[in-house]
Amino acid sequence: MIANTPLAGKSAALRIIQISDCHVCADSNALYRGQNADRNFQEGLRLVTHWDPVLILLSGDVSEDGSRESYERTSGLLAQTGVPVLALPGNHDEPNVMKQYFPLGPWDGPYVMEMGNWRLVLLDSTEAGGISGHFSSFRLQQIQSCLQDTDRQHTLLALHHQPLAVGAQWIDRYMLETPEQFFEVTDRSSQVRCICWGHVHQDFQTQRKGVSLLGAPSTVANTIPGMQRFTLDPVGPACRWLELSRRGEVHTGVLHAG
Ligand SMILES: [Fe+2]
């Protein structure tokens with residue numbers, strides 16, 4: 001079961017905010033699905049400051065057009081929060097530009113950050129020129145290596161693409177290809193507690209073999225969950241909060257700006 005209530009009071013849990021699918025353009029007035037991406041991103045950031053996380057995880061499609069300007073503005077605003085940022089690319093991002101503004105990420109293979117008795121592993125599931133997610137056999141071997149020496153640490157894996165269908169055809173047609181190969185690797189580790197992603201523009205939560213599987217909403221435009229076509233949810237900008245307890249429990253939920 002996934003716990004949807006925060007741990008009471010100040011605990012030793014790691015408090016993380018996952019921000020996803022901001023789709024900011026070079027032009028700050030550009031609209032994404034009728035919504036101003038810059039304005040909504042800034043509204044989403046207000047949630048971050050309020051929630052007081054130790055880390056922000058950006059799970060891809062920070063930019064709509066891969067432009068230097070989009071990364072410059074988003075990284076500048078994130079820096080103002082004073083919270084460390086980890087980032088991974090989505091299919092809309094331009095990794096060679098993005099990594100100049102978000103250096104902590106899976107730019108040369110999986111990126112591992114250890115925090116207390118948790119290990120966060122960020123993955124690049126993008127393929128140049130493609131919309132769907134893809135892991136080469138080499139990349140799967142790298143992921144397996146990352147998971148081999150985590151005997152005493154709980155592990156969270158983050159990627160952009162959903163490794164299972166979320167029940168929305170408009171985006172499930174672009175999910176991670178051959179997800180069974182990915183799960184074959186993650187199933188070999190007894191320490192994986194959570195796998196989280198972006199891309200789906202909706203809150204999604206389920207469990208598989210005791211692992212929490214979580215899809216994050218977007219800061220710019222979300223669909224009503226479970227709709228086959230993108231159907232704008234008037235709820236507005238949103239992001240995921242996570243509390244990872246010392247015992248390996250995952251508490252999570254969604255913050256809305258409205
Ligand atoms: Fe995406």
Side-chain angles (χ1 to χ4, degrees), residues 17-26 30-38 40-41 44 56-67 70-71 73-75 78 85-99 101-102 105-107 110-111 122-136 139 157-179 182 195-205 213-233 236-240 254:
I17 288 284
Q18 181 185 0
I19 290 178
S20 207
D21 296 85
C22 316
H23 292 276
V24 170
C25 283
L31 301 180
Y32 174 87
R33 296 188 188 270
Q35 312 298 305
N36 181 283
D38 271 61
N40 284 12
F41 178 73
I56 293 171
L57 168 63
L58 286 182
S59 54
D61 286 355
V62 174
S63 176
E64 167 72 3
D65 56 7
S67 61
S70 63
Y71 297 121
R73 291 203 307 283
T74 49
S75 63
L78 282 160
V85 177
L86 303 185
L88 57 85
N91 48 296
H92 282 271
D93 288 308
E94 183 54 62
N96 287 327
V97 182
M98 186 177 176
K99 68 182 181 185
Y101 296 89
F102 298 102
W107 312 119
Y111 181 83
L122 274 66
L123 306 172
D124 178 357
S125 60
T126 66
E127 188 175 37
I131 303 175
S132 302
H134 179 77
F135 286 134
S136 65
R139 185 54 50 81
L157 288 165
L159 68 163
H160 181 65
H161 295 85
Q162 72 271 40
L164 81 172
V166 301
Q169 199 198 1
W170 71 274
I171 196 69
D172 283 339
R173 59 200 286 233
Y174 300 121
M175 61 182 274
L176 181 69
E177 293 170 355
T178 58
F182 173 64
I195 301 175
C196 62
W197 58 84
H199 196 48
V200 295
H201 291 246
Q202 62 194 283
D203 176 22
F204 177 84
Q205 302 183 26
L213 303 182
L214 307 171
S218 156
T219 61
V220 58
N222 288 296
T223 181
I224 295 172
M227 299 296 281
Q228 294 305 312
R229 293 185 177 183
F230 186 97
T231 308
L232 188 68
D233 189 334
C239 59
R240 174 169 296 292
V254 168

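Indexing begins at 1, ligand by ligand and atom by atom, following the structure's order.
Taking the six-membered ring where the residue is Trp, H201 and H23 present tilted rings, their angle falling between 30° and 60°.
Around the Fe ion (ligand 1), the protein N, O or S atoms closer than 2.8 Å are D61 OD2, N91 OD1, H160 NE2, H199 ND1, listed by chain and residue number.
Residues in residues 221-232 take part in no side chain to side chain donor-acceptor pair (under 3.5 Å) pair, two or more places apart or across chains.
The one candidate from L176, L214, L159, L157 that meets the side-chain contact (heavy atoms from CB on, under 4.5 Å) condition with W197 is L159.
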Item to check | Test log, rule side-chain contact (heavy atoms from CB on, under 4.5 Å), inputs T126 and L88 | outcome: CA-CA 10 Å; T126 66; L88 57 85; over 6 Å; no
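Interatomic distance, C239 SG to D203 CG, rounded to the nearest 0.5 Å: 11.0 Å.
Of all heavy-atom pairs between S59 and S20, the closest is OG-OG, 2.6 Å.
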